[in-house]
Amino acid sequence: MRASRLFLPTLRQAPTEATLVSHQLLLRAGFIRTLTAGIYSYLPLGYRVLQKISQIVREEMNAMGAQEMLMPFVQPAELWRETGRYEAYGDTLAKFKDRRGQELCLGPTHEEVITDIVRQHVRSYRDLPLILYQIQTKFRDEPRPRGGLLRGREFLMKDAYSFDKDETGLGQSYQAMYQAYRRAFKRCGLDVLAAEAESGEIGGSESAEFMVLCDSGEDAVALCNRCGYVANLEKAERRAPVQNQSVGTLRSLERVSTPDQRTVEEVTKFLGVRPDQLVKTLVYLADGKPIAALIRGDTELNEQKLRRVLSVQSLQMADAETIERLTGAPVGFTGPVGLESIKIIADYDLLSMSDFVTGANERDAHYINVNIGRDVRVERFEDLRWALSGDSCPRCDGQLELKPSIEIGHVFNLGTKYSQAMHALFTDGHGVERPIIMGCYGIGISRILATIAEVSHDEKGLIWPISVAPYDCWIVNLATSKDDAIGQVAEYLYNSLQESGLEVVLDDRLESAGVKFKDADLIGVPIQIVIGRRLAETGSVEVRLRAGQGRWEVPLAEIAVWVQKKREELMRR
RNA sequence: CGGAGAGUAGCGCAGCGGCAGCGCGCACGGUUUGGGACCGUGAGGUCGCCGGUUCAAAUCCGGCCUCUCCGACCA
């Protein structure tokens, strides 16, 4: 492709709306354009990258036996009502009606559609296992799209679904997919961590999120500094502490007046203590039964953890009325002292706390110098709060560190949630009808594009790994005219590189040298060839790698072979 | 949805009751060509939209729309 004909609207200054580097650079380099919030067009360069990423993912999916198909973007509400998600998905599901009044929605994911297809045609265990996938646009009307392509409302995703007759089969499908993901991300040039994750509503099974460490990431992973433990923030566990018995002299329990002081901030400020000297008492209804959870004042309770610890289906915070009825005091003054009627579970942190502050179960009053055992009867100590940097690793004696990251893929077991709701049944070898066991596997294709831009750039612009780069090679032709000697060499070089199978751009624009260099660096094609006055001086052209490692003077006669070899080398990294 | 900010030329911005501006980009002519060159000429506007106040509104007032940031949310 000639740069003079390429649709390449580069920008010297990024639009103010873009705050993330990836967003700014993709806009500036002419890869994408904004249509409206969270919705983008891919211009020729951006689309080439998208296709490269798609192709890598496609090859890895096909290699592990998954079959590609394409499902509709528009789906009937009817199907979503079968699983109850038409309402459960909330406003994130974009709904509309057609001219006849039929209710439709834009697909945010495709479990319902795929399950509908499979239930119609899969009847026997002989038809299983089956893995189907598609690469398709999704739409989720997020309450607040942000970060450019990193979190759009419309995005390109690879979603795969596995169908198995038993848990063993599911485990095999899951493992095969897990390995395929590792290979695909590596080929895209990304360093990826597989983080343990919550497995959704149907518990007991595995789930992993594939994360790229990145400061601008919206998610976070907990990493152990000793062993290989990696978990997403929601899942990250802590090791049970050794109980701290050697507590010194305890001060005596005292009730203090705290008029109108309800929040941790208000109470600690009023009493002149730190938030970590206060214990929050949170009252929940677990499958309808009240329970009190105790956590340190400066930490947050993780409801998933509490739910797992209690082994309950539903968990919700008790409303103000219930709290008042159970504790005898309004919200803000709840405490564990004398709370005999409710089961009390405490976070591990409480084991090492003494003489702390709690509510007094009485309006406008708190206790100080509260102590476990003497004043509070705790049934169990558990890991209840969100992990923090410095927490102990659950697998070894190392420490966890929280790091921001971007989720680019997720593999998890669906179990029989959809097959049961939608009657996707098969007959097993004993003639018994069973729901098909499903798995679901997603990769954010457009998010990978943005992630690579986010983690692979410098002050000059983008730096593409050659496996996903829009082109292999960018020729910076400094000739002023096509007709002079240098211009003719550039034409010759352009043709011979193309003939050897390389994807190459010749910058033949009548721009100054500075503009051509700046654009080449901004766009970030990995191999740059400069044809200028040195050609006349030495008979060779200059080759550079955009990533910065190395510069070579290569004789004209050897250049095509040389670039081929360099491309192979870069591809292997 | 709560809080904050913004909307003026393709991009970045100034102007804040009285002629619609600047830098970059764009077009044309000329001089340039190893890191966003220079000179000259020119084109380009529903000042987000609707209404109000005023002799006069980009500017003041009201409503709406859109975008961004922080938070809530994110199978």
Side-chain angles (χ1 to χ4, degrees), chain A residues 9-20 23-24 27-30 33-39 80 83-93 107-112 138-148 150-153 155 157 159 161 197-202 207 209 216-220 232-234 300 406-407 410-415 417-418 438-442 444 447 459-461 476-481 484 486-487 507-523 528-538 541-542 544 551:
Chain A
T10 56
L11 257 27
R12 191 176 293 207
Q13 285 168 299
T16 15
E17 75 203 27
T19 51
L20 283 189
H23 194 194
Q24 290 173 345
L27 285 168
R28 280 189 58 207
R33 280 299 178 264
T34 310
L35 216 211
T36 185
I39 300 181
W80 284 71
T83 57
R85 286 165 107 198
Y86 195 67
E87 267 69 41
Y89 219 99
D91 290 336
T92 304
L93 184 64
T109 176
H110 284 71
E111 282 85 3
E112 278 80 359
K138 305 280 191 241
F139 187 85
R140 295 180 192 174
D141 197 0
E142 301 282 354
R144 188 184 153 205
R146 65 186 106 177
L150 234 32
R151 180 145 167 231
R153 295 144 87 199
F155 53 95
M157 183 171 172
D159 49 322
Y161 306 89
E198 282 297 336
S199 50
E201 287 106 296
I202 309 294
S207 173
E209 283 177 359
S216 47
E218 279 195 296
D219 285 308
N232 78 357
L233 194 53
E234 188 169 64
E300 292 296 321
I406 301 167
E407 179 191 350
H410 196 169
V411 294
F412 64 107
N413 296 344
L414 292 173
K417 176 177 173 175
Y418 295 93
M438 295 171 58
C440 170
Y441 316 87
R447 186 177 274 184
E459 64 289 341
K460 296 183 204 162
V476 179
N477 172 22
L478 299 177
T480 49
S481 152
D484 68 16
I486 294 175
D507 192 348
D508 58 341
R509 296 175 300 171
L510 294 172
E511 290 287 351
S512 69
V515 170
K516 292 183 180 182
F517 281 122
K518 293 286 184 197
D519 274 350
D521 288 343
L522 177 62
I523 291 158
Q528 299 179 342
I529 299 178
V530 185
I531 304 180
R533 80 162 77 93
R534 271 182 221 160
L535 178 68
E537 292 165 4
T538 65
V541 294
E542 180 181 339
R544 309 172 178 184
R551 260 173 196 236

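Numbered from 1 within each chain, the chains take letters A, B, ... in sequence-line order. What you see is a predicted model; the values in this text were computed from it and never measured.
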Between [X] ([atom1]) and [N] ([atom2]), how many Å, whole number?
X: A:Ile531; N: B:G34; atom1: CD1; atom2: P; result: 15 Å
X: A:Leu20; N: B:C69; atom1: CG; atom2: C1'; result: 12 Å
X: A:Lys516; N: B:A37; atom1: NZ; atom2: C1'; result: 14 Å
X: A:Asp219; N: B:A75; atom1: CG; atom2: C1'; result: 14 Å
X: A:Arg140; N: B:C73; atom1: CZ; atom2: P; result: 17 Å
X: A:Glu112; N: B:A75; atom1: CD; atom2: P; result: 14 Å
X: A:Leu478; N: B:U32; atom1: CG; atom2: P; result: 17 Å
X: A:Glu218; N: B:A72; atom1: CD; atom2: C1'; result: 13 Å

I'd like the [atom1] distance from [M] over to [N], given in whole Å.
N: B:U59; M: B:U33; atom1: C1'; answer: 46 Å
N: B:C65; M: B:C50; atom1: C1'; answer: 10 Å
N: B:A14; M: B:U32; atom1: P; answer: 39 Å
N: B:C73; M: B:A57; atom1: P; answer: 48 Å
N: B:U8; M: B:G45; atom1: C1'; answer: 8 Å
N: B:C16; M: B:G21; atom1: C1'; answer: 14 Å
N: B:A6; M: B:C13; atom1: C1'; answer: 13 Å
N: B:G63; M: B:A75; atom1: P; answer: 36 Å

*Options B:U33, B:C67, B:C74, nucleotide nearest the side-chain atoms of A:Arg151*: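 For the A:Arg151 side chain, the nearest candidate turns out to be B:C74.
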*Between B:G36, B:A75, B:U66, spot the one nearest the side chain of A:Asp519, thanks.*
B:G36
*Applying ring-ring contact (aromatic ring centres under 6.0 Å, His included), name anything that partners A:Phe155, two or more places apart in sequence or on another chain.*
none
Hunt down the Watson-Crick or G-U wobble partner of [N], both distances under 3.5 Å, from any strand shown, or write none.
N: B:G62; value: B:C50
N: B:G18; value: B:C55
N: B:C11; value: B:G23
N: B:A43; value: none
N: B:C1; value: B:G71

*Residues two or more places apart in sequence or in another chain: which of them pass salt bridge (charged side-chain N to carboxylate O under 4.0 Å, His left out) with A:Arg509?*
A:Asp507, A:Asp519
_Nearest atoms (heavy-atom pairs only) where A:Ala479 meets A:Lys516_ =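 For A:Ala479 and A:Lys516, the tightest heavy-atom pair comes out as O-NZ, 4.2 Å.
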_Smallest separation among heavy atoms of A:Arg153 and A:Pro145, with atom names_ = CD-CG, 3.6 Å
With heavy atoms under 4.0 Å as the rule, sort [X] into base, sugar-phosphate or nothing.
X: A:Val476; result: nothing
X: A:Glu542; result: base
X: A:Ala37; result: sugar-phosphate

*Pairwise 5' ranking along RNA chain B for A:Arg509 and A:His410, keeping only the more 5' one*: A:Arg509
*Using the closest heavy atom to pick a nucleotide of RNA chain B for each, name whichever of A:Thr10 or A:Met157 lands nearer the 5' end.*
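Result of the comparison: A:Thr10.
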Side chains of [X] and [Y]: closer than 4.5 Å at any heavy-atom pair?
X: A:Arg447; Y: A:Ile406; result: yes
X: A:Asn477; Y: A:Ile486; result: yes
X: A:His110; Y: A:Lys138; result: yes

*N/O donor-acceptor pair, side chain A:Glu511 with base B:G36, under 3.5 angstrom*: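 Check fails, no donor-acceptor contact within cut-off.
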*Is a donor-acceptor contact shorter than 3.5 angstrom present between the side chain of A:Arg146 and the base of B:C69?*
no
Phosphate-side-chain proximity, [X] and [N], N/O vs OP1/OP2 below 4.0 Å:
X: A:Thr19; N: B:C69; value: yes
X: A:Arg144; N: B:C70; value: yes
X: A:Ser512; N: B:U33; value: no

*asked:* Any salt bridge linking A:Lys417 with A:Glu111? Criterion: basic side-chain nitrogen under 4.0 Å from a carboxylate oxygen.
replied: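 No, this pair does not count.
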*Under 3.5 Å, is there a donor-acceptor pair between the side chain of A:Arg28 and the main chain of A:Arg12?*
yes
_Test item: A:Arg33 side-chain N/O and A:Leu27 main-chain N/O as donor-acceptor pair under 3.5 Å_ =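 Looks like yes, one N/O pair under 3.5 Å.
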When you compare the protein's N or O atoms with those of nucleotides 6-12 of chain B, which come within less than 3.5 Å of each other, and at what distance?
residue	atom	partner	partner atom	Å
B:C11	O2'	A:Gln13	O	3.0
B:G12	OP1	A:Thr16	N	2.7
B:G12	OP1	A:Thr16	OG1	3.0
B:G12	O4'	A:Gln13	OE1	3.4
B:G12	O2'	A:Gln13	NE2	3.2

